[in-house]
Number of protein chains: 2
Amino acid sequence: MSRQKILLVDDEPDILEMIGFNLEREGFEVFTAPNGRKGLELARAHTPDLILLDVMMPEMDGMETCRELRDDARLKNTIIAFLTARNEDYSQIAGFDAGADDYISKPIKPRVLISRVKALLRRGVPAASEMPKRDLSGIVIDKERYVVYKEGVELSLPKKEFELLALLASQPGRVFTRENILSNVWGNDVIVGDRTIDVHIRKLREKLGDDFFKTIKGVGYKFEP
Amino acid sequence: MSRQKILLVDDEPDILEMIGFNLEREGFEVFTAPNGRKGLELARAHTPDLILLDVMMPEMDGMETCRELRDDARLKNTIIAFLTARNEDYSQIAGFDAGADDYISKPIKPRVLISRVKALLRRGVPAASEMPKRDLSGIVIDKERYVVYKEGVELSLPKKEFELLALLASQPGRVFTRENILSNVWGNDVIVGDRTIDVHIRKLREKLGDDFFKTIKGVGYKFEP
DNA sequence: CGCAAGGTTAATTGATTATTAACGCCTGCA
DNA sequence: TGCAGGCGTTAATAATCAATTAACCTTGCG
């Protein structure tokens, strides 16, 4: 197999050099671009396996670039990871449903980055996605802050509601039985009635929209973008 | 809390020892059995928290064992994970609906297995699912999502219909008697009239196409791709 | 033809979930 | 301390949808 190609897009030359150097040392073929437009060009020219995209860039930012990348059939399946400054306001990101596969916070130690990159390439899916959980639906769940963004609008849900949402959304599409839900959100030894779950589901539907939560009668609930 | 108990059932002594050793080193209380029958005994004796079940075994295979385990009230809630050889033909896996909670492919690195096991015990829900999706001539059955795709189009069937389909499709071509069907989909102690099955079959025919369900008069029904 | 086995349809029953309101229980705060 | 408000829970009721049945129809075959 030929070397795997990585495209690195960031407006800071230092970052490009530093990360690029480390990736190359690991045997990857690295392309770098200082802005979205150039990045797009290179992506189309080389169809990289992975694209690391800084979110904040002049001229054409990460979000915009990502969307355009996703519009290119040949890049549909390319893994795209956003590089974000730590503590960046996720509500900025939440609004855009650009289609990234993972978020990586800067600054990041080269070794850590390398292993994230390798994991992404190996699995095709974000490993332990560091940050906001995208759900291809304008809904972002930030466990760290106990906050949910719906189309960029911040909602702060009560604990149970949040945890229920987080559980369902952890595997969109998967049906969780009431049993599943109880043992995960409430714990194995707590006894609460079945209706309790319904009520919380209802509150979530109220706040996030009915369509996201599907009832499978006699089976359970699932979250669908 | 006392140590969590894990029952490991596999006919290969090497595997038993290897996995068993690793699980014990992690602090679990491990029981091992070389076949389904022994496994069942041990399960009843110790009510483990998790059962790892090899699918292919002489004497009493994983599927069969699983079904029997599920029939035992005290083991109703025990987590059962199947160990399957990679690339095993899932169409062979009638245990599709035998009631397994997760599928784990062998060979698997001990470290990976351990983390899967821990996740299962912690969450009671499989993390990244290797649950088989049955694909037969344009019909895909996804038990995890409780959804069926017909030529890519998503259909969500009611519980009984879904289970009936899953049963028939678990062994395409094989005839299931009405008795078979009743005991698998409805359970041994439920009494329903004869026409009930017909009606469900009819609904399936309506939704998936007449041709898939063949009636063998005086015998039963079968599913044919 | 007449029976046996299934097929069809629509109505009925039954189970499960949705909804709403109410009740404690905390927490924060004057 | 006592009040206000948010949260989690439950109970009661309504609404929804699946499951079942009953009644009748069709088909194949002796």
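Predicted model, so just to flag it, every value in this text is computed and none were measured. Side chains included, hydrogens not; waters and symmetry mates left out as well; all remaining heavy atoms used. The sequence lines fix the lettering, A, B, ..., with proteins before strands; numbering per chain opens at 1.
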B/Y221 side-chain N/O to C/dG7 phosphate OP1/OP2 under 4.0 Å: yes

A/T215 side chain near C/dT16 phosphate (N/O to OP1/OP2, under 4.0 Å): no

Distance in angstrom units between A/I201 CD1 and C/dT19 P, rounded: 11 Å

Interatomic distance where CG belongs to B/D198 and C1' belongs to C/dA10 [whole Å]: 16 Å

Name of the residue among B/I51, B/D101, B/L53, B/V55 meeting side chain to side chain contact (heavy atoms under 4.5 Å, CB included) with B/C66: B/L53

B/I139 to B/F212 - nearest heavy-atom pair and separation: CD1-CE1, 3.4 Å

Test side-chain contact (heavy atoms from CB on, under 4.5 Å) applied to B/L52 and B/V117, step by step: CA-CA 9 Å; B/L52 297 173; B/V117 161; 4.2 Å; yes

SB check B/E206 B/R202 (cutoff 4.0 Å): yes

Touch class at under 4.0 angstrom, heavy-atom based, for B/F213 against every strand present: nothing

Atom pair distance, as rounded to whole Å: CZ in A/R178 and C1' in C/dA18: 10 Å

Note: A/E224-B/R145 ion pair, threshold 4.0 Å (strictly below): no

A/Y221: which of A/I197, A/I216, A/V175 passes side chain to side chain contact (heavy atoms under 4.5 Å, CB included): A/I197

Polar atoms only, N or O, under 3.5 Å: list the protein pairs with nucleotides 26-30 of chain D and their distances.
none

For nucleotides 8-12 of chain D, which of its nitrogen or oxygen atoms have a protein nitrogen or oxygen under 3.5 Å away, and what is each distance?
unit_1 : atom_1 : unit_2 : atom_2 : d
D/dG8  : OP1    : A/K160 : N      : 3.1
D/dT9  : OP1    : A/W186 : NE1    : 2.8
D/dT9  : OP2    : A/W186 : NE1    : 2.8
D/dT10 : OP2    : A/G193 : N      : 2.8
D/dT10 : OP2    : A/T196 : OG1    : 2.9

Phosphate OP1/OP2 of C/dG6 contacted by B/R202 side-chain N/O (<4.0 Å): no

d(NZ, A/K214; C1', C/dA18) in whole Å: 17 Å

Residue pairs involving residues 168-180 of chain B (criterion salt bridge (charged side-chain N to carboxylate O under 4.0 Å, His left out); sequence neighbours excluded): B/R178-B/D198

Test: B/R205 and B/D211 ion pair at under 4.0 Å: no

Distance in angstrom units between B/I216 CD1 and C/dG7 P, rounded: 11 Å

Separation of atom CG in A/D210 from atom C1' in C/dT17, rounded to whole Å: 14 Å

Between C/dA5 (C1') and B/E179 (CD): distance, integer Å: 17 Å

Whole-Å gap separating P (D/dC7) and CG (A/L157): 9 Å

N/O donor-acceptor pair under 3.5 Å between B/D49 side chain and B/K5 backbone: yes

